[in-house]
Number of protein chains: 2
Amino acid sequence: MSCNQSIDYSLYLVTDRQLLAGKDLAATVEQAILGGATLVQLREKDASTRDFYQQAVLIKQITGKYHVPLIINDRADIALAVDADGLHIGQEDLPLHIARQIVGPEKLIGVSTATLEQALAAEAAGADYLGIGAIFPTGTKSDADSVSLEELRTIKAKVRIPIVAIGGINETNINSVMSVGVDGAAVVSAILSRPDPLRAAAYLRQLIALAY
Amino acid sequence: MSCNQSIDYSLYLVTDRQLLAGKDLAATVEQAILGGATLVQLREKDASTRDFYQQAVLIKQITGKYHVPLIINDRADIALAVDADGLHIGQEDLPLHIARQIVGPEKLIGVSTATLEQALAAEAAGADYLGIGAIFPTGTKSDADSVSLEELRTIKAKVRIPIVAIGGINETNINSVMSVGVDGAAVVSAILSRPDPLRAAAYLRQLIALAY
Ligand code: NI
């Protein structure tokens with residue numbers, strides 16, 4: 001995709017194969033996109049490089065078909081290998097300036113942050129967007145720092161790049177998050193672990209539209 | 001290092017932090033180089049990307065100081081991040097043609113192979129050298145296929161790129177491996193787990209010289 005195109009971060013799907021309860025990842029991502037997911041981050045925690053690469057090839061076929069941006073978690077080599085639209089890094093991944101050297105100026109780089117200090121530092125270092133959380137308790141990231149809605153509001157007020165809230169967001173609380181004025185909500189189990197991911201995504205999308 | 005420079009594969013050290021028995025990795029690598037290791041492959045299996053990157057920065061300082069090539073196992077992003085001399089990939093890592101696209105034409109790419117078929121395929125696909133094994137049983141790679149000295153001799157006769165034998169090689173058997181005419185022997189515990197890595201490397205180097 002072209003870098004001038006503006007990115008819709010509103011319903012940001014983060015994958016986790018452990019939450020699929022037997023469903024196929026690529027099919028589930030396709031259902032999520034058909035339901036309204038606006039961006040997909042492929043996250044693999046224990047996969048071999050070959051397995052991660054092969055998943056990325058499959059998911060890229062889906063995101064490409066629907067012109068939805070694909071972001072790769074952690075691995076700059078996989079982002080390059082499948083020519084993804086971006087890379088998402090956390091505090092345990094490559095330093096941002098090194099990641100930028102590797103993926104070049106065209107790819108989005110998102111950074112996970114949990115404090116205003118980290119957020120301002122990532123913005124200054126050239127992040128394209130921030131993932132802020134964990135907003136609510138979550139089972140998917142055990143070491144996640146927690147960020148209150150008040151802290152989220154403060155960060156949103158002081159940072160100019162797009163902000164995506166993450167952590168335990170689902171249909172019961174997405175309104176409170178979007179009301180802070182963030183650019184998007186990242187969801188994992190609220191789509192992936194649902195029996196009907198298309199319907200789950202569509203409902204979240206509707207709640208987001210109502211919150212704006 | 002210059003790409004025209006010919007690489008000395010003869011005593012090829014592969015790292016494994018689990019075998020250090022409390023010794024420091026960078027200090028041990030330095031001792032190994034002072035003892036005669038001609039090339040270092042940094043291999044990390046369970047490290048975070050940040051940890052792997054930081055280890056690579058430290059080891060690059062050592063290999064750079066002594067003008068010994070540094071090869072990164074599996075991770076093309078780490079190889080780019082520290083501007084290593086090469087990348088080593090196995091059958092569970094990126095496909096060779098994708099790895100080449102990512103690291104470019106200048107970096108060495110080595111490929112782990114266990115059969116003549118795999119060796120010829122990797123050579124045809126542009127590998128710069130091959131790691132062949134496991135020659136002897138080893139505790140460091142549980143799923144390693146085994147390759148006999150006779151198979152190693154056959155592969156060496158049919159392949160033109162340099163061949164490094166790997167798997168359970170130590171001071172008691174390195175002579176039998178080098179006698180096959182391979183370009184080098186890769187060692188792990190035969191240097192890393194020894195109380196005096198410099199002396200261990202120097203002795204292996206001597207045995208290699210005698211075998212040629
Ligand atoms: Ni060179």
Side-chain angles (χ1 to χ4, degrees), chain A residues 41-58 60-61 71-84 86-107 109-114 118 121-122 125 141-144, chain B residues 41-58 60-61 71-84 86-107 109-114 118 121-122 125 141-144:
Chain A
Q41 179 191 132
L42 180 63
R43 186 171 64 180
E44 295 287 337
K45 280 305 180 194
D46 301 307
S48 72
T49 297
R50 179 67 64 100
D51 186 17
F52 197 161
Y53 167 70
Q54 287 169 338
Q55 293 294 328
V57 167
L58 293 174
K60 178 84 189 295
Q61 286 169 1
I71 308 280
I72 302 293
N73 183 267
D74 179 10
R75 296 289 299 266
D77 50 353
I78 306 291
L80 290 173
V82 302
D83 192 21
L87 173 69
H88 189 90
I89 55 178
Q91 308 292 323
E92 280 302 301
D93 303 333
L94 285 175
L96 175 50
H97 68 285
I98 301 290
R100 178 62 76 195
Q101 283 172 24
I102 295 173
V103 301
E106 308 273 311
K107 292 200 194 300
I109 298 184
V111 179
S112 291
T113 60
Q118 287 177 352
K141 283 195 91 177
S142 50
D143 61 345
Chain B
Q41 179 192 133
L42 180 62
R43 185 170 66 180
E44 294 287 337
K45 280 305 178 192
D46 301 308
S48 71
T49 297
R50 178 69 65 100
D51 186 17
F52 197 160
Y53 167 70
Q54 287 170 340
Q55 292 295 328
V57 168
L58 292 175
K60 178 83 189 296
Q61 287 170 1
I71 308 280
I72 301 293
N73 182 268
D74 179 12
R75 296 288 298 267
D77 51 353
I78 305 292
L80 290 173
V82 302
D83 191 22
L87 173 69
H88 190 90
I89 55 178
Q91 308 292 322
E92 280 302 302
D93 302 334
L94 285 175
L96 177 50
H97 67 286
I98 301 288
R100 179 61 77 194
Q101 282 170 27
I102 294 174
V103 302
E106 307 275 309
K107 291 199 195 299
I109 298 185
V111 179
S112 290
T113 60
Q118 288 177 351
K141 285 195 89 177
S142 51
D143 59 346

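Computed from a predicted structure; not experimentally measured. Any value given below was found using the heavy atoms of this structure, including those in side chains, with hydrogens, waters and symmetry copies removed. Chain naming here is simple, since letters A, B, ... match the order of the sequence lines and numbering starts at 1 in each.
- The choice from Ser48(A), Ala79(A), Ala81(A), Pro95(A) that makes the most heavy-atom pairs within less than 4.5 Å of chain B is Pro95(A).
- Heavy-atom distances place the backbone of Gln91(A), and not its side chain, under 4.5 Å from chain B.
- The two residues Arg50(B) and Gly90(A) come nearest to each other via the heavy atoms NH2-O, 4.2 Å.
- Contact tally against chain A (heavy-atom pairs below 4.5 Å) for Asp93(B), Asp51(B), Asp46(B): the top residue is Asp93(B).
- Atom CD1 of residue Ile78(B) and atom CZ of residue Arg75(A) lie 8.0 Å apart, to the nearest 0.5 angstrom.
- Note: Gln101(A) CD to Leu80(B) CG = 10.0 Å, rounded to the nearest 0.5 Å.
- Remark: Leu94(A) CG to Phe52(B) CZ distance equals 10.5 Å, nearest 0.5 Å.
- Counting all heavy atoms, side chain and backbone alike, Ala76(B) lies closest to Asp77(A) at N-OD2, 3.5 Å.
- Put simply, CD1 on Ile98(B) and OG1 on Thr49(A) are 13.0 Å apart, with the number rounded to the nearest 0.5 Å.
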